[in-house]
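Just below is one structure, and these are the notes that go with it.
Keep in mind the model is a prediction, meaning the values are calculated, not measured.
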Amino acid sequence: MNSASTSTDSTLKQRRYDEAYMRMAVEWAQLSHCNRKQVGALIVKDRMIIADGFNGTPTGFPNACESDAGVTHWYVLHAEANAITKLAKSNNSAQGATLYITLSPCRDCAKLIYQAGISRVVYKRAYKDADGLKFLEAAGVEIASLELDDKKG
């Protein structure tokens, strides 16, 4: 097998894994109690899920993410922040890991992603503000957008 064929096989294999993990992140987003947006995140290293998260309130708070007026409470955690803080409680390291997330990160979460050592971010939909992605790209984090077929998530 020549190196071009091996590279193509590797790329196709990575795409299959990216799609599978993104489908899982989409499922994880369904656990969120937020009405405005449901976002899911997985941190994967060496083909193992080492942390997961979805947007929502901190542990011990009521699960209502929005006020009666539909405004998101300031203390709601983003999915990637939840995954990174969960990872901090474990013995795992995010150094060199990939973050799969259903919505691209905001500026604040982008800083956490970079500081955690995550080297690759795969997202499904773009957040309204692209500054988080711009920051990550400037920091050398690999970024990939991955839209899934409707039948796959």
Side-chain angles (χ1 to χ4, degrees), residues 14-153:
Q14 183 62 57
R15 173 72 185 201
R16 285 185 58 221
Y17 277 100
D18 286 350
E19 289 177 355
Y21 287 126
M22 186 59 73
R23 285 192 303 273
M24 293 167 81
V26 167
E27 280 298 313
W28 213 246
Q30 303 306 308
L31 296 172
S32 172
H33 291 274
C34 296
N35 295 320
R36 287 185 52 233
K37 283 187 184 96
Q38 292 182 310
V39 182
L42 297 175
I43 300 174
V44 177
K45 185 174 180 180
D46 299 326
R47 295 218 168 97
M48 292 186 305
I49 298 169
I50 59 172
D52 54 59
F54 51 87
N55 58 324
T57 58
T59 303
F61 280 71
N63 282 328
C65 295
E66 296 91 3
S67 68
D68 291 338
V71 177
T72 300
H73 295 299
W74 68 267
Y75 51 83
V76 169
L77 291 164
H78 289 184
E80 59 272 55
N82 256 333
I84 290 168
T85 56
K86 188 181 282 188
L87 184 65
K89 293 179 182 179
S90 76
N91 291 327
N92 290 310
S93 165
Q95 198 68 40
T98 297
L99 169 70
Y100 293 90
I101 187 151
T102 58
L103 186 67
S104 66
C106 70
R107 293 181 289 183
D108 288 331
C109 289
K111 293 183 285 186
L112 294 176
I113 291 164
Y114 176 69
Q115 282 297 104
I118 293 169
S119 61
R120 184 168 179 255
V121 173
V122 180
Y123 68 93
K124 184 174 185 240
R125 290 181 324 274
Y127 182 61
K128 62 186 175 188
D129 180 357
D131 285 347
L133 290 176
K134 290 175 187 172
F135 171 82
L136 290 171
E137 285 177 337
V141 176
E142 181 184 341
I143 305 293
S145 173
L146 179 64
E147 278 292 330
L148 297 175
D149 296 336
D150 285 341
K151 67 180 189 257
K152 291 185 177 179

Check for a donor-acceptor pair, side chain of [X] on one end and backbone N or O of [Y] on the other, with a separation under 3.5 Å.
{"X": "Asn55", "Y": "Val39", "result": "yes"}
{"X": "Ser104", "Y": "Tyr127", "result": "yes"}
{"X": "Ser32", "Y": "Ala29", "result": "no"}
{"X": "Thr57", "Y": "Pro62", "result": "yes"}

Do [X] and [Y] touch side chain to side chain, with heavy atoms closer than 4.5 Å?
{"X": "Ile49", "Y": "Met24", "answer": "yes"}
{"X": "Val141", "Y": "Ser119", "answer": "no"}
{"X": "Met22", "Y": "Val122", "answer": "yes"}

Atom CZ of Arg120: over 12 foreign heavy atoms under 6.0 Å
yes
With a sphere of 6.0 Å drawn around CD of Glu66, does it hold more than 12 non-hydrogen atoms of other residues, nucleotides or ligands?
yes
According to the interplanar angle, ranging from 0 to 90°, do the rings of Tyr21 and Tyr100 count as parallel (below 30°), tilted (30 to 60°) or perpendicular (above 60°)?
tilted
Are Arg47 and Tyr17 in a cation-pi contact, defined as NZ or CZ under 6.0 Å from the six-membered ring centre and within 45° of the axis?
yes
Ion pair check, Arg15 and Glu19, cut-off under 4.0 Å:
yes
Please give me the minimum heavy-atom distance between [X] and [Y], naming the atom from each residue.
{"X": "Ile118", "Y": "Ala97", "answer": "CG2-O, 3.4 Å"}
{"X": "Phe54", "Y": "Asn82", "answer": "O-ND2, 2.7 Å"}
{"X": "Ala79", "Y": "Ile101", "answer": "CB-CD1, 4.4 Å"}
{"X": "Ile50", "Y": "Ala94", "answer": "CD1-CA, 4.3 Å"}

Just do the side-chain contact (heavy atoms from CB on, under 4.5 Å) check on Asn92 and Lys45 with the steps written out, would you?
CA-CA 9 Å; Asn92 290 310; Lys45 185 174 180 180; over 6 Å; no
Might you work through the side-chain contact (heavy atoms from CB on, under 4.5 Å) test for Arg107 and Phe135, ending with a clear yes or no?
CA-CA 7 Å; Arg107 293 181 289 183; Phe135 171 82; over 6 Å; no
Atom pair OG1/CD of Thr102 and Glu80 - distance to nearest 0.5 Å:
8.5 Å
Would you check, one step at a time, whether the test side-chain contact (heavy atoms from CB on, under 4.5 Å) holds for Glu142 with Glu137?
CA-CA 7 Å; Glu142 181 184 341; Glu137 285 177 337; over 6 Å; no
Worked verdict on Asp131 versus Lys134 for side-chain contact (heavy atoms from CB on, under 4.5 Å):
CA-CA 5 Å; Asp131 285 347; Lys134 290 175 187 172; 4.1 Å; yes
